[in-house]
2 protein chains.
Amino acid sequence: MLKLSRLTDYAAVVMAQIARYPEQAHAATELADAVQLPHPTVSKTLKMLVRAGLLESRRGSLGGYRLARPATSITTSDIIGAIEGPVAMTECSHADGDCDLVDTCGVADNWQRVSLAIRTLLDSVTLAHLAQESPLKLPVQLPIQSVTLASRAEV
Amino acid sequence: MLKLSRLTDYAAVVMAQIARYPEQAHAATELADAVQLPHPTVSKTLKMLVRAGLLESRRGSLGGYRLARPATSITTSDIIGAIEGPVAMTECSHADGDCDLVDTCGVADNWQRVSLAIRTLLDSVTLAHLAQESPLKLPVQLPIQSVTLASRAEV
DNA sequence: TCGATAGGGGACTAAAATGGTCCTCAATAG
DNA sequence: CTATTGAGGACCATTTTAGTCCCCTATCGA
Ligand code: SF4
Ligand code: SF4
């Protein structure tokens with residue numbers, strides 16, 4: 001299904017929640033409660049987000065989590081990357097990829113382009129966009145670049 | 001990593017291989033040999049592709065597989081859909097989705113739009129594109145539509 | 001009609017990824 | 001000093017994925 005892992009989804013939900021009140025620090029318990037998810041699980045994703053540099057944490061009483069950067073400069077690929085690793089559709093689309101077929105499969109190059117296109121798209125959607133609560137009607141256009149695919153004239 | 005399952009990748013490789021010689025029927029054994037993958041596995045993916053209506057099969061001697069439609073009207077989402085089911089980033093992005101948080105998570109709507117954008121992108125890449133053998137540098141731009149995050153589409 | 005060739009269906013297993021829990025340690029405020 | 005809150009990591013159950021195998025059916029041509 002080409003789908004996000006559930007944890008990644010949680011991460012997005014939690015990040016959005018934080019983004020809506022960026023000034024305050026949010027305790028894991030509080031967040032877990034707000035999004036109706038088990039505390040340990042939320043806690044785990046929060047830790048991952050911190051490690052990826054998307055959140056800052058503060059221990060002790062009055063501690064909690066807050067955004068490391070403004071919501072407008074955190075992208076969905078950042079979030080996905082924090083939980084699942086870099087966005088890459090095929091084995092050969094990321095740095096550590098190691099596929100035996102890379103020389104013979106004949107599609108590696110093009111998959112990589114597609115992968116890049118998706119990454120670009122996800123880069124253009126920020127946490128600020130995600131956190132918009134209601135289905136806004138305002139047509140905020142995301143500039144999704146055309147991505148060059150190797151192609152022959154016939155297209 | 002938001003990545004395709006390995007079988008999906010195989011499916012693409014095999015489809016591309018068939019697409020390069022669309023006139024002949026290709027036996028599973030032949031294909032397995034061509035792409036250097038174990039025969040039973042290739043066979044399995046071929047069956048899935050047939051069931052999804054992307055390939056036609058013919059039994060008996062002189063039988064084999066061939067494309068059910070021209071390569072230009074088979075898209076990458078078709079292929080992904082055949083193996084993994086419809087492209088959907090989040091649980092709530094596809095028909096049978098069932099997520100308890102849908103009313104409270106606050107990001108469902110926007111994830112669905114992102115998901116739609118990706119689906120659109122994958123729809124615009126055809127098997128004919130994928131099958132191009134060499135990494136052509138010719139910058140033929142694929143018109144990937146800008147997708148508006150906010151516009152309430154006909155989802 | 002027979003037999004060789006090729007696909008169809010589906011059961012089965014091994015291995016890996018995922019989701020979720022828990023426990024102990026470290027930092028911080030007051 | 002102590003209550004609070006995060007860090008880190010071990011651990012387990014479950015699901016998903018990948019891969020294999022067996023037996024059946026269809027088609028062709030001798
Ligand atoms: S595209 Fe070719 S090389 Fe890249 S992963 Fe799939 S098979 Fe391996
Ligand atoms: S986005 Fe909200 S509703 Fe959709 S799957 Fe994630 S949590 Fe459930």
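All values reported here derive from a predicted model rather than from experimental measurement. Each chain gets a letter, A, B and so on, in the order its sequence line appears, and its residues count up from 1.
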Heteroatom pairs (N/O) under 3.5 angstrom, protein to nucleotides 13-16 of chain D:
none

Restricting to nitrogen or oxygen on both sides, can you table the protein-nucleotides 17-20 of chain C pairs closer than 3.5 Å?
| residue | atom | partner | partner atom | Å |
| --- | --- | --- | --- | --- |
| C:dG19 | OP1 | A:Arg6 | N | 2.7 |
| C:dG19 | OP2 | A:Ser5 | OG | 3.2 |
| C:dG20 | OP1 | A:Arg6 | NH1 | 3.4 |
| C:dG20 | OP2 | A:Tyr10 | OH | 3.2 |
| C:dG20 | N7 | A:Lys44 | NZ | 2.9 |
| C:dG20 | O6 | A:Lys44 | NZ | 2.9 |

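At whole-Å resolution of the value, CZ in B:Arg66 and C1' in D:dT27 are 14 Å apart. Distance B:Leu55 CG to C:dA6 C1': 15 Å, rounded to the nearest Å. Per the geometry, NZ belonging to B:Lys47 stands 14 Å off P belonging to D:dC24, to the nearest Å. Between the CZ atom of A:Arg51 and the C1' atom of D:dA7 there is a distance of 8 Å, given to the nearest Å. Atoms CG (B:Leu46) and P (C:dG9) sit 13 Å apart, rounded to a whole Å. Whole-Å rounding puts the A:Glu91 CD to C:dA16 C1' distance at 14 Å. Taking atom CG on A:Leu49 and atom P on D:dG6, their separation rounds to 13 Å, with Å as the unit. Rounded to a whole Å, the CE atom of A:Met48 is 13 Å from the C1' atom of D:dG8.
B:Thr8 pairs by the side chain to side chain contact (heavy atoms under 4.5 Å, CB included) definition with B:Leu4, B:Ser5, B:Ile80, B:Ile83, B:Glu84, not counting sequence neighbours. Annotation: side chain to side chain contact (heavy atoms under 4.5 Å, CB included) contacts of A:Thr104 (sequence neighbours excluded): A:Leu101. Remark: A:Ala128 engages A:Ala71, A:Thr72, A:Thr126 in a side chain to side chain contact (heavy atoms under 4.5 Å, CB included) (not counting sequence neighbours).
Across residues 27-34 of chain A, A:Ala27, A:Ala28 each have a non-hydrogen atom less than 4.0 Å from an atom of DNA chain D (numbered order).
Among pairs with a residue in residues 114-127 of chain A, none fulfils salt bridge (charged side-chain N to carboxylate O under 4.0 Å, His left out), at least two apart in sequence or across chains. Every pair tested for salt bridge (charged side-chain N to carboxylate O under 4.0 Å, His left out) that includes a residue from residues 51-63 of chain A fails, sequence neighbours excluded, so the list is empty. Residue pairs satisfying the salt bridge (charged side-chain N to carboxylate O under 4.0 Å, His left out) criterion with at least one member in residues 60-69 of chain B, sequence neighbours excluded, are listed as follows: B:Arg69-B:Asp78. Sorted by first and then second residue, the pairs that involve residues 1-17 of chain B and meet salt bridge (charged side-chain N to carboxylate O under 4.0 Å, His left out), not counting sequence neighbours, are A:Glu91-B:Lys3.
The shortest distance between the side-chain N/O atoms of A:Ser57 and the OP1/OP2 oxygens of D:dA7 is below 4.0 Å.
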Give the B/S/- string for nucleotides 25-30 of chain C, one per nucleotide from 5' to 3', where a protein heavy atom under 4.0 Å of the base yields B, of only the sugar-phosphate yields S, and otherwise -.
-> -BBBSS
Table please: side-chain donor-acceptor pairs of residues 24-50 of chain B below 3.5 Å, with sequence neighbours left out.
| residue | atom | partner | partner atom | Å |
| --- | --- | --- | --- | --- |
| B:His26 | ND1 | B:Glu30 | OE2 | 2.9 |
| B:His26 | NE2 | B:Tyr21 | O | 2.9 |
| B:His26 | NE2 | B:Gln24 | O | 3.4 |
| B:Glu30 | OE1 | B:Ala27 | N | 3.4 |
| B:Thr45 | OG1 | B:Val42 | O | 2.8 |

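Proximity of B:Gln132 to A:Asn110: side-chain heavy atoms (C-beta onward) are separated by under 4.5 Å at one or more points.
Test B:Thr76, B:Ile74, B:Thr75 against B:Leu127 for side-chain contact (heavy atoms from CB on, under 4.5 Å) and you get one pass: B:Ile74.
Note: A:Cys92 SG to A:Asp100 CG = 12.0 Å, rounded to the nearest 0.5 Å.
Across all strands shown, B:His39 has no heavy atoms under 4.0 Å from either base or sugar-phosphate atoms.
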